[in-house]
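What follows is a single structure, written as structure tokens, with notes after it.
Hydrogens, waters and symmetry mates are skipped; everything else that's a heavy atom, side chains included, is used.
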Amino acid sequence: MTALDLDFVRSQFPAFASPVLSSHAFFENAGGSYPCRQVVERLTRFYTDRKVQPYGPYPGAQAGGAEMDEARDRLAAMMGVATHEVSFGPSTSANTYVLAQAARKWLEGTGGAVVVTDQDHEANSGVWRRLADAGIEVREWQIDRETGSLELPTLAALLADGRVKLVCFPHCSNVIAEINDVAAITAMARDAGARTVVDGVSYAPHGFPDVPALGADVYLFSAYKTYGPHQGIMVIREPFGMDLPGQAHFFNNATLYKRFTPAGPDHAQIAACAGMADYIDALAAHHGVAGDAAARNRGVHDLMRAQEVAVIQPLLDYLSARNTVRLLGPREAGRRAPTVAVELAGPAEPVSEALGREGIACWAGDFYAVRPLAALGIDGEKGVLRMSSVHYTTADEVARLIAALDRVL
């Protein structure tokens, strides 16, 4: 497989030419990636030439509507789903909240149960747990207290009585980072008569999903972490989406991508999301990845992951060898996203501040992963230090990070 051309990749991101942003090696990608230039250009163009009510009978409105449609069309093709199965919303947290309101109506009075995990970001945990207030049983799929892993036999026990109707879990955690076997989990849930909701926020930056291969009924992620604007993207497969009660205006209920968007969409941000598809196609063309949109996406995904695995392994080796820190998640880069969190002897925030003075941009805290940290016995007030990379991170930047850690730890 061709190696990722990092010079070409980084040329696609204005941040690396910014005198402000380029002054630090950026390891806060899990909080939000840099936007690619294609997104920036599309957003600028929309606000300059399209900022009117879209779809109207005049040129600017028609162009704006066409660009919104283009974003949905192209992202759907990349992910292997139908165009109307892609919904946009203000954030993944908001999208999940609306989805949970629909699920509450769907489940009330049925005796059906919901499975949640204690590995999730709170966005894919709290809204489902609150269904208990409506009398819906909520079962917790608990992580292993030493490794942080979600074990399949534990899920099998939760599904055994056939009452579970919905299983909500992450593709990977934003602090533990182990890549869960989504296809195996969704197959197990499906065999037990349950639907699945997958939080892909912490995985999608490392390659857009092949949704049919994963088998999820719902897959959610955030565009601002996948080189795009601040939007939440929800893929909801039609059979499940049309079973759930709509949460928008009654006259929009017949349109799947409008059923779970109760407020008006952000026209400019949606249109700019087409820039993410532009970027994937640019990488595919440059690296000789051919085929239809889904094939190009899969090829670029593999290029991104190979780069990330190679670059982040030295950091994992370094941290694993230090007995003064506790590395969360697997030590092998191939089993995890390149989001690396460590528990320190003391509070993590002062260390992230010290790294900032050393030219390293990262952060510390609980990252809305209060439940997984508590399950691992980590004091939420102390928090963890998190260093997160993506495919545009270089080996030199990782070496800079390791040298800085040597000075501040």
Side-chain angles (χ1 to χ4, degrees), residues 1 4 9 12-13 29-30 32-39 42 70-89 91-92 95 170-172 174 177 179-180 182-183 186 197-237 257 269-287 289-309 337-339 388-393:
M1 182 172 63
L4 197 66
V9 166
Q12 306 301 299
F13 290 88
N29 290 281
S33 64
Y34 288 147
C36 59
R37 65 170 176 79
Q38 293 89 340
V39 165
R42 282 180 176 268
E70 179 190 357
R72 182 174 287 104
D73 290 344
R74 294 179 64 196
L75 290 175
M78 280 172 41
M79 295 186 286
V81 298
T83 296
H84 64 283
E85 292 180 319
V86 177
S87 298
F88 293 94
S91 68
T92 293
N95 285 346
H171 199 153
C172 65
N174 68 331
I179 300 170
N180 293 317
V182 174
T186 60
V197 175
V198 180
D199 178 358
V201 170
S202 295
Y203 186 85
H206 315 294
F208 287 104
D210 178 342
V211 175
L214 295 176
D217 292 289
V218 181
Y219 192 97
L220 304 116
F221 64 98
S222 299
Y224 73 97
K225 298 186 181 184
T226 55
Y227 322 108
H230 203 293
Q231 280 285 282
I233 297 175
M234 177 171 69
V235 176
I236 183 163
R237 305 313 300 272
Y257 71 84
Q269 302 281 334
I270 292 172
C273 284
M276 300 188 300
D278 290 337
Y279 175 57
I280 298 301
D281 280 344
L283 290 184
H286 184 78
H287 293 88
V289 178
D292 63 12
R296 296 194 302 274
N297 180 52
R298 289 192 296 269
V300 169
H301 167 281
D302 292 348
L303 285 168
M304 288 178 168
R305 284 293 295 147
Q307 166 67 18
E308 292 171 346
V309 167
T339 298
S388 50
S389 70
V390 291
H391 66 285
Y392 54 55
T393 305

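A donor-acceptor pair is defined here as one N or O able to donate and one able to accept, closer than 3.5 Å; such a pair exists between the side chain of Gln307 and the backbone of Thr393. Within the 3.5 Å criterion, the main-chain N or O of Pro35 finds no donor-acceptor partner in the side chain of Tyr224.
Partners of His206 by ring-ring contact (aromatic ring centres under 6.0 Å, His included), not counting sequence neighbours: none found. Every residue meeting the side-chain contact (heavy atoms from CB on, under 4.5 Å) condition with Ala82, not counting sequence neighbours, appears here in chain and number order: His84, Glu85. Under the side chain to side chain donor-acceptor pair (under 3.5 Å) criterion, Ser222 pairs with Thr92, not counting sequence neighbours. Partners of Ala77 according to the side-chain contact (heavy atoms from CB on, under 4.5 Å) rule, which considers only residues two or more places apart in sequence or in another chain, are Ala293. Taking the side chain to side chain donor-acceptor pair (under 3.5 Å) definition, one finds that Gln38 meets it with Gln12, sequence neighbours left out. In terms of the ring-ring contact (aromatic ring centres under 6.0 Å, His included) criterion, Phe88 has no residue partners (sequence neighbours excluded). Remark: His230 engages no residue in a side chain to side chain donor-acceptor pair (under 3.5 Å) (not counting sequence neighbours). Contacts of Tyr257 classified as ring-ring contact (aromatic ring centres under 6.0 Å, His included), with partners at least two apart in sequence or in another chain: none. Listed by chain and number, the residues in a side-chain contact (heavy atoms from CB on, under 4.5 Å) with Asn180 are Gln119, Leu150, Pro170, Ile185 (sequence neighbours excluded). For Arg74, the side chain to side chain donor-acceptor pair (under 3.5 Å) partners at least two apart in sequence or on another chain are Glu70, Asp278, Asp281. Every side-chain contact (heavy atoms from CB on, under 4.5 Å) that Asn95 has, sequence neighbours left out, goes to Pro90, Leu220, Met234.
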* **Stepwise side-chain contact (heavy atoms from CB on, under 4.5 Å) check, Val198 with Leu214** => CA-CA 10 Å; Val198 180; Leu214 295 176; over 6 Å; no
* To do: Start with the C-alpha gap between Met304 and Leu283, add the side-chain angles, then the distance that decides, and say whether side-chain contact (heavy atoms from CB on, under 4.5 Å) holds.
  => CA-CA 10 Å; Met304 288 178 168; Leu283 290 184; 4.0 Å; yes
* To do: Start with the C-alpha distance between Val81 and Arg237, add both sets of side-chain angles, then the distance that settles side-chain contact (heavy atoms from CB on, under 4.5 Å), and finish with yes or no.
  => CA-CA 8 Å; Val81 298; Arg237 305 313 300 272; 3.9 Å; yes
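Between Tyr392 and Tyr34, the ring-plane angle classifies as parallel under the 30° and 60° cut-offs. Tyr219 and His171 have perpendicular rings, their planes meeting at more than 60° on a 0 to 90° scale where under 30° would count as parallel.
Ring to ring, Phe13 and Tyr279 are close: their centroids are under 6.0 angstrom apart.
Taking CG of Asp210 as the reference point, atom NE2 of His301 lies at 9.0 Å (rounded to 0.5 Å). Atom-to-atom distance recorded for Thr83:OG1 and Asp73:CG is 4.0 Å, nearest 0.5 angstrom. In this structure, CE in Met79 is found 8.5 Å from CG in Asn297, a value given to the nearest 0.5 Å. In this structure, His287 NE2 and Leu4 CG are separated by 4.5 Å, a value rounded to the nearest 0.5 Å.
Taking both residues in full, the closest heavy atoms of Thr339 and Ala177 are given as O-CB, 3.2 Å, listed atom of the first, atom of the second, then distance. Residues Met276 and Ile233 approach most closely at CE-CD1, 3.8 Å, considering heavy atoms. The minimum heavy-atom distance linking Phe221 with Val201 is given by the pair CA-CG2, 3.8 Å. The minimum heavy-atom distance linking Pro229 with Val39 is given by the pair CD-CG1, 3.8 Å. Minimum heavy-atom separation, Tyr203 to Arg305: OH-CD, 4.0 Å. Shortest non-hydrogen contact noted between Cys172 and Ala337 is SG-CB, 3.9 Å.
Within the structure, salt bridge (charged side-chain N to carboxylate O under 4.0 Å, His left out) pairs that include any residue of residues 215-226 comprise Arg195-Asp217 (at least two apart or interchain).
Checking Asn29 against Ser388 by side-chain atom types alone, no donor-acceptor pair falls below 3.5 Å.
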